[in-house]
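Numbers here are sequence positions counted from 1. These numbers come from the heavy atoms of this one structure, side chains and all, not from hydrogens, waters or symmetry mates. Since this is a predicted model, take the numbers as computed values, not measurements.
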Amino acid sequence: MSTTRCFYAHSTPCPDQSDWQPLAEHLMTVRQLAAQKAACFGGEQLAAIAGLLHDIGKYTDEFQKKINGTRLSVDHSSRGAILAVKYYGKAGRLLAYGIAGHHTGLANGRDPGERCTLEERLKGQGLPALLDQWQNEIQLPAMSELGPPPIKPVRERQVFQLAFLARMLFSCLVDADFLDTEAFYQRIEPCPSRRPRQSIALSDLRAALDTHLAGFKANSPVNRIRADILIHLRRQAGHAPGLFSLTVPTGGGKTLASLAFALDHAVRHGLRRIIYVMPFTSIVEQNAAVFRKALGPLGEQAVLEHHSAFSDDRSKARQAHDKLRLAMENWDAPIIVTTAVQFFESLYADRPSRCRKLHNIASSVIILDEAQTLPLKLLRPCVTVIDELALNYRCSLVLCTATQPALQAPQFKGGLQGVRELAPNPPQLFEQLARVQVRQVGILSDTGLQQQMTSRDQVLCIVNNRRHARALYQSIADQEGARHLTTLMCARHRSQVLAEVRQRLREGLPCRLVATSLIEAGVDVDFPTVLRAEAGLDSIAQAAGRCNREGKRALEASEVLVFRTENPDWKAPDELQQFAQAAREVLRNIPGDPLVPEAITRYFQQLYWQKGEDQLGTPLLALIESKRLEGIPFEMLADKFRMIDSVQCPVIIPFDDIARDALKALEFAAGCGELARQLQPYIVQLPRQGYNALLQSGAIQPVAPDRYGEQFMQLLNPDLYHAQFGLHWENPSFMSVDSTIT
């Protein structure tokens, strides 16, 4: 009597194989999970097929020997890609990218890259023979059962749309594969620290927010306007999902008002989560804290921050059990607070760790906070993604800012259409909330700027680079209330400095703060005078939001003084000089308040005209369209779509006991996901050059490198982290490390 051979997907040390995971069980579970994740955008059929085929190559003698301990290198991903194309034609080729890349990442279709191209892998050269038993255990749907792709086509971007769909399906597959593998090893070796996140209904969060907002008192002219904005916004929640703008002056209460709209809108239309996209890491933690406080006891579990991704080590292959240890974030929480870099780069990414979360963006309300900060060099690719999410993935996107970029057609060629304004009469709001006077004061020497700072008791100065900020702070450091903010401080440190600043301002004590533009986006401080180094009109408007924020001072006593620096050492980068030039053009031609919507629109139109099509990211979209389905350049796109030109490397600062305890726990933890989240507020991002200098000197070292590679790099020398300046990575005299430090 013949016996049926058993094929396995994952193994354990158990020699009799009694607790090994059968391959058919894994494929069927991944099929079900992937289909569930794709259902919200109509991709469940395609995702289910990807789930069935992704590990079909494990039905080989070679892989089964490998899983039994024989040292073999076996490609088990290509077989599924080949079968997808064989059985499903063009739809199968779309799936083949993700099936072939579910471990290593999405490859280029035809163009050479670090990975073998999909075209080469589809040739099947050198692959082990696929055994027939897969057909007895796995039943694939017929080609005739497949419907058309679940997207509304746009003629000008058809290949982009297919690439986007392929990446979304890849996300569903990768997340399903991770989760089933994780669940298998969790059953075998339970990890108490890997508790599942509690499910919280958006309706419950809305009720919690209502309770918080009930305590808001409209006890001043500014607060009455904020209350009117909130009421008006919530009345707009019934609009069908799609594209919106929210144009409210700084200090108009956009943060909680937009959250109220998002919750109302999501509950009304059955959307799944709220995603806040912030321009800078410096305000992610701040706004997440605001949301948690507003949502009461539910806030801690409901709000997930994801701003500084710990980069994975590409040099090491990830085996199945490593997926459990890595615990990459999949954004399975009701409210996500992240950065524009994390959000947009993920939507053009090629690696499983970056793409895993993408399917959870579908059917969401996405608040693009400070939308004017989208990088010009990638503006068109960003706008195209925004439009595609609204068109085919049931998202509502809100362009939320006081300085609305001119992204709508016909102001912007190929721009967004059908954008609905949520704010009540923006021009009138800007008139009602005018609280500052903007004045140009010409050129200031270093001494002149120092005098401007020391002659005032409470003043904020915003400059265009960190070196200038540090030098200016050092020149006034002996003055009472002198403070300094820089991105070389970790977020927890910056939060402490801002708390001190707010306290001194409330008590009327001297407070002289020097900062870079990190303070401009959503940081709630209220100075009587702001000095701003010459910049774009949007930056000047954001700086103005830190002056007379509550409207308690007279208009004529609240000034934003725009200056040019005399010292060539503090020269702004070329792009910032272009922004300043566009601002000067507008200021010459528009009398009166330069911060009204009409002036801002003209500013952005002038800026786009100066840049031209090629500098707005148009060539990247043209590259996609030129390749056709067979040649989608996924790896190339991920490489070219970089919102920050220089590679940034995260270093963890053991700033307080929380950070130190988490770093110690990381060495022995079975899973790192929760600890990685705890450590995010203690990261400083460094350019590669500074990172390498610290690494070579031994000033930074990896935590548990045998387990995590260089994912978690911690600072070992406390002398390199200064209470006023943050991390001294650029100063070679601080590179030695005391051998007694552990």
Do [Y] and [X] meet the salt-bridge criterion of a basic N to acidic O distance under 4.0 Å?
{"X": "R167", "Y": "D350", "value": "no"}
{"X": "E520", "Y": "R532", "value": "yes"}
{"X": "E613", "Y": "R380", "value": "yes"}
{"X": "D369", "Y": "K254", "value": "no"}
{"X": "E625", "Y": "R157", "value": "no"}

Legend entry - Ring centroid separation F412 to Y608 under 6.0 Å: yes
Inset, instruction - Indicate, with yes or no, if the rings of F170 and F634 have centres closer together than 6.0 Å. - result: no
Just by distance, do the side chain of [X] and the backbone of [Y] share a donor-acceptor pair under 3.5 Å?
{"X": "Q45", "Y": "G147", "value": "yes"}
{"X": "H269", "Y": "H239", "value": "yes"}
{"X": "H265", "Y": "A262", "value": "no"}
{"X": "Y97", "Y": "A163", "value": "no"}
{"X": "N464", "Y": "E534", "value": "yes"}
{"X": "S245", "Y": "T247", "value": "no"}
{"X": "Q404", "Y": "L399", "value": "yes"}
{"X": "R420", "Y": "A240", "value": "yes"}

Legend entry - Greater than 12 external heavy atoms within 6.0 Å of K377's NZ: yes
Legend entry - Intermediate values then yes/no, salt bridge (Lys or Arg N to Asp or Glu O under 4.0 Å), E44 and K37: CA-CA 7 Å; E44 56 266 46; K37 294 175 186 307; over 6 Å; no
Of the non-hydrogen atoms in [X] and [Y], which two are nearest, and what is the gap between them?
{"X": "V523", "Y": "R546", "answer": "O-NH1, 2.9 Å"}
{"X": "S396", "Y": "F244", "answer": "OG-CE1, 3.8 Å"}
{"X": "E635", "Y": "E114", "answer": "OE2-N, 2.6 Å"}

Legend entry - Any donor-acceptor N or O pair under 3.5 Å, side chains R466, T487: yes
